[in-house]
Amino acid sequence: MSVNASGWKPEMHDAEGDAPATFTGNRALMLEEGLIFEIGDATRTGVDLPQPPKVASRLGGLERNRPIGLPGLAEPEVVRHYTRLSRQNYAIDLGLFPLGSCTMKHNPRLNEKMARLPGFADIHPLQPIETVQGGLGLIHLVGEWLTTLTGMAAVAMSPKAGAHGELCGLLAIRAALEARGDARRVVLVPESAHGTNPATAAFCGYAVENIPATSEGRVDLAALKSRLGPDVAAVMITNPNTCGLFERDMAAISEAVHAAGGLVYCDGANFNAIVGRVRPGDLGIDAMHINLHKTFSTPHGGGGPGSGPVVLSEALAPFAPLPFIEADGDGHFRLVEEETAGEHHGSSFGRMVAFHGQMGMFVRAAAYMLSHGADGLRQVAEDAVLNANYILRSLEGVLDAPFAASGPCMHEALFSDEGFATGFSTLDVAKGLIDEGFHPMTMYFPLVVHGAMLVEPTETESKAALDQFIGALRHVAERAKAGDPLLKQAPLMAPRRRLDETGAARKPVLVWRDPAPTAQAAE
Ligand SMILES: *Cc1c(COP(=O)(O)O)cnc(C)c1O
């Protein structure tokens, strides 16, 4: 192909004006290509199948009468397509992933190796119980670690995510209240709660009411106490909370709620900051979910499966969901699938999932627990808190930290957009971080802080990695404060420029349609 045939002209440059446009649209290792539907072709395939024999149709006229539009590609084309796409994305294996409240930590490869052992990976949920004793034993072991670490009486292993665990906890609370003939209707949730908390309470049919925060970012104990009464079923409190602060009044909160006849749900998604240091059971909590995919390092962030076991107090243990595992003390395990009244704990509220929960996540969590040991897990919490405080203090004077005066933070550092030049916002800082090669931090959450930026480094980052991130965030924040017009256009160096995110959310286009027929008609 000659230079002329490519249509190249000397004045052709890309957006930044310092690199020439390329024939392919590729920019060195950053390869451009269409959607899989655009590059595919129905006549191509990655497999060779024999012609099916002619059979008489029994579909009664419901046969498909046109192609369904699946892309056809050869195997190497599929491999290249998805490999190219993956290279345009950010991942925990590429660098620091500062998403606050998400605990994006390194996933040790040992966990993956264990999860792939055929004895675990090939297990089938309908196998006879005698043949899966090792699997049940592993689930039981993870459960024992969780009840020990939290100081709680029982654990429900089957919930499949944090939000699913919240549902499990509230269903247990509702069952316990109903069992004593107490039809309470209200769940109290702090202003700074994760959106899943009020959503879960509403899904369970409760009316949700807010508890205000104090100026130092913690639950207002006096306001909470004044709202408690015979209509309050439960409070849902995140500890450490979403402002990155430990709720020091937690034991007093639990005591007041219990005195008023209610129960205490704790959102344990931020357990990473206190694992091995604090036992939530000692703070009077009745139910708490644990995100294995956060604290216990099982992969997430790319849509991988979650796992949200729920630890329960003595008061809620009898209402735990089915199935649960019982050890007979002889090295054998039993799966309790149904309960007759009076047997076992006696009053399970029912079933959350078809089978036992996320086996692969249990194996990864067990590998993580056993390789760290109790002392290692305590050090996880200490290093995670140290790293977050290093970020908080290193950016003092550059970024406003609304609760910096409330004492050291826990696992995450919270900043605001206070002091940015007119017209500049948290969104611009997030986009600027993309050009710096980082995934942005959590933005505009918690809602109690204007233009919130929530940064959670986790314990797996080295000081060098933290220093590089701090330098990048400092640089971008200074640009936002100085009103650098180029920052409004960021990201300038990403595979895609700034998108119309509002348009995408309000008018999502979820189905690809072949533009060719219309294009031809227009010609
Ligand atoms: C992540 C998170 C949840 C929800 O957990 P999922 O596993 O995503 O359902 C709830 N609360 C807080 C504070 C969280 O960070």
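Every heavy atom of this structure was used, including side-chain atoms; hydrogens, water molecules and symmetry mates were not. The residues of the chain are indexed from 1 along the displayed sequence. Numbering of ligands and ligand atoms starts at 1, following listing order. Here the structure is a predicted model, which is why all the values come from computation and not from measurement.
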Minimal non-hydrogen separation, Val385 against Ala273, with atom names
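Heavy atoms only, the tightest pair is CG2-O, 3.7 Å.
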Is the distance between the ring centroids of His194 and Phe445 under 6.0 Å?
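Centroid separation for Phe445 and His194: below 6.0 Å.
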Decide yes or no on salt bridge (charged side-chain N to carboxylate O under 4.0 Å, His left out) for Arg279 and Asp282, but give the supporting numbers first.
CA-CA 6 Å; Arg279 298 192 313 166; Asp282 297 338; 3.1 Å; yes
Does ligand 1 have any N/O atom under 3.5 Å from a protein N/O, and what are those pairs and their distances?
unit_1	atom_1	unit_2	atom_2	d
ligand 1	5 (O)	Asn291	ND2	3.0
ligand 1	7 (O)	Gly162	N	2.7
ligand 1	7 (O)	Asn291	ND2	3.2
ligand 1	7 (O)	His293	NE2	2.7
ligand 1	9 (O)	Gly162	N	3.3
ligand 1	9 (O)	Ala163	N	2.8
ligand 1	11 (N)	Asp267	OD1	3.3
ligand 1	11 (N)	Asp267	OD2	2.5
ligand 1	15 (O)	Ser101	O	2.7
ligand 1	15 (O)	Ser101	OG	2.8
ligand 1	15 (O)	Lys294	NZ	2.8

Looking just at side-chain N and O atoms, do Thr238 and Asn270 make a donor-acceptor pair shorter than 3.5 Å?
no
May I ask you to check whether Glu456 and Asn387 show a side-chain donor-acceptor distance below 3.5 Å?
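No, no side-chain donor-acceptor pair sits under 3.5 Å.
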Kindly assign one of parallel, tilted or perpendicular to the pair Phe469 and Phe438, based on the angle between their ring planes and the thresholds 30° and 60°.
perpendicular
